[in-house]
Amino acid sequence: MEQFAANDLDNTAMASWFLQQLGRPALDNRDLFISNRSKEGPFYSWITLRLQWNSNPKYWRSLWREFRHPIGQYYFWKLMPCAKNDIDAVVNSNVIHYLGENQYTAAAIDLMVRVIVEEREEMCDKWYLRPVLIYYFFSKNMNKGIEKLEELKPIIKNRILAQAKSDGQFFESILDTALAIAALENMGYYDEIPAKSIQYLLAAQNSNGAWKKGVIYYAYERADESAAFGGEEISTAIVLEALVRYQSHERSLHVESTRF
């Protein structure tokens, strides 16, 4: 059914942000994001035909595949666990990371706050079903200095630290540990990161240089292995993100200590 999947804001936001960082921005698509909001303000996960008027020409052009394959689209929405009006918290967080804080993302920011304050981490997104994934993606926006998210930092920090194991692992896996450390780094809590957690990651590296595959998201709203997706490549990238930033922070402290 993948060939009939609707365009989604999650992949579009992350790819657009990445190209922007490379200095090779995608075609201006911000108005497409803005036009794909619900009446309450947060962003829909899918760019698809729905019973809500949209006057943006880019929106209608993005539906071309949907119009070309109406039967495939029918079965995609019938058989897959997603719905046209899905509003997922991590998807909204990734959109904010791309678009920034402004009048169009205010409702999505409020959604992020409610998820943490109301302890809805395990039910706020159909795909990213584990709290550590919520903390990681949310923390990327906290690193951008969004004022409304400041109150969430100590809450998330305490929830992460409560999952620390005696051997340095956080939550349930190597990837989880890297996600937890990266989230703490994004929020500025370098001093709260146990040294043994860094050693845990270093010791877990495979002989080929990679780190073990972990779960990034689930399909079918089931947090079990049969619906899990991930890979060595993305696990390795996130572990390196956590380790490199930690090393850079340690080096900056050393430089500061040697200054007169």
Side-chain angles (χ1 to χ4, degrees), residues 5-38 41-48 56 58-59 61-62 82 86-113 115-116 124-128 130 132-150 152-153 156 175 178-188 214-217 229-231 233-246 248:
N7 295 320
D8 71 271
L9 290 193
D10 198 29
N11 289 334
T12 306
M14 288 190 280
S16 299
W17 177 86
F18 179 69
L19 290 171
Q20 186 181 69
Q21 299 308 299
L22 291 178
R24 302 180 65 179
L27 295 175
D28 187 9
N29 56 10
R30 292 172 180 267
D31 57 337
L32 176 61
F33 281 84
I34 291 167
S35 70
N36 204 58
R37 291 176 297 153
S38 67
F43 296 85
Y44 291 117
S45 296
W46 304 97
I47 306 171
T48 187
N56 190 320
K58 292 176 185 175
Y59 166 77
R61 284 199 297 270
S62 73
C82 46
D86 281 345
I87 294 175
D88 299 298
V90 170
V91 176
N92 272 264
S93 181
N94 288 335
V95 171
I96 296 165
H97 191 245
Y98 171 48
L99 296 182
E101 181 182 17
N102 53 56
Q103 60 180 316
Y104 304 110
T105 58
I109 292 170
D110 289 340
L111 173 63
M112 292 174 62
V113 173
V115 165
I116 299 301
C124 67
D125 196 288
K126 281 186 174 181
W127 315 99
Y128 303 97
R130 296 181 297 119
V132 68
L133 290 163
I134 308 301
Y135 302 148
Y136 172 74
F137 285 108
F138 278 25
S139 72
K140 287 179 174 291
N141 282 309
M142 295 171 197
N143 192 37
K144 295 170 76 75
I146 296 176
E147 186 176 351
K148 271 192 174 183
L149 301 180
E150 288 295 310
L152 304 183
K153 287 183 177 181
I156 292 176
L175 175 59
L179 290 165
I181 291 172
L184 292 171
E185 291 168 343
N186 284 332
M187 295 184 292
V215 178
I216 286 291
Y217 73 94
F229 289 84
E233 297 83 0
I234 193 166
S235 293
T236 299
I238 293 172
V239 171
L240 288 175
E241 175 190 353
L243 292 177
V244 169
R245 291 184 64 187
Y246 185 84
S248 296

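The shortest distance between side-chain heavy atoms of I216 and I238 falls below 4.5 Å. Side-chain contact between L133 and Y217 is absent, with no heavy-atom pair separated by less than 4.5 Å. Side-chain atoms of I47 and L9, non-hydrogen and from C-beta on, do get closer than 4.5 Å to each other. Taking 4.5 Å as the limit, every side-chain heavy atom of W46 sits out of range of all side-chain heavy atoms of N7. The closest side-chain heavy-atom distance from K58 to D31 is below 4.5 Å. You'll find the side chain of F18 stays beyond 4.5 Å of the side chain of M14, heavy atoms only.
In terms of heavy atoms, I109 sits closest to L149 at CG2-CD2, 3.9 Å. Listed here is the closest heavy atom pair of D88 and K126: OD1-N, 3.0 Å. Between I134 and V90, the shortest heavy-atom distance links the atoms CD1-CG2, 3.5 Å. Taking all atoms of both residues into account, the shortest heavy-atom contact from S139 to A182 is OG-O, 4.4 Å. Counting all heavy atoms, side chain and backbone alike, A13 lies closest to N94 at CB-O, 3.6 Å. Across all their heavy atoms, A242 and I181 have their closest contact at CB-CG2, 3.9 Å.
Interatomic distance, OG1 of T105 versus CZ of F43, reported as 6.0 Å (0.5 Å rounding). Between the CG atom in L179 and the CD atom in E241 there is a gap of 8.5 Å [rounded to 0.5 Å]. Between M142 atom CE and K153 atom NZ the span is 8.0 Å, to the nearest 0.5 Å. Distance check, rounded to the nearest 0.5 Å: CZ of F137 to CE of M112 gives 11.5 Å. The CD atom of Q20 sits 10.0 Å away from the CG atom of L22 when rounded to the nearest 0.5 Å. With values rounded to the nearest 0.5 angstrom, Y135 atom OH is found 11.5 Å from L184 atom CG.
Remark: of the listed residues K144, R245, K140, R245 is the sole one forming a side chain to side chain donor-acceptor pair (under 3.5 Å) with N186.
Within a 6.0 Å sphere centred on CD1 of I234, heavy atoms belonging to other residues, nucleotides or ligands number 12 at most. More than 12 heavy atoms of other shown residues, nucleotides or ligands fall within 6.0 angstrom of atom OH in Y246. Within 6.0 Å of the CD atom in Q21, the count of heavy atoms belonging to other residues, nucleotides or ligands exceeds 12.
A donor-acceptor pair is defined here as one N or O able to donate and one able to accept, closer than 3.5 Å; such a pair exists between the side chain of N141 and the backbone of S93. When atom types are taken as modelled, the side chain of R130 and the backbone of V215 share a donor-acceptor pair closer than 3.5 angstrom.
Side-chain atoms of Y128 and D10 form a donor-acceptor pair, as typed in the model, at a separation below 3.5 Å.
With ring centers used as reference points, F33 lies under 6.0 Å from Y98.
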Might you work through the side-chain hydrogen bond (donor to acceptor under 3.5 Å, both in side chains) test for T12 and N29, ending with a clear yes or no? CA-CA 9 Å; T12 306; N29 56 10; over 6 Å; no
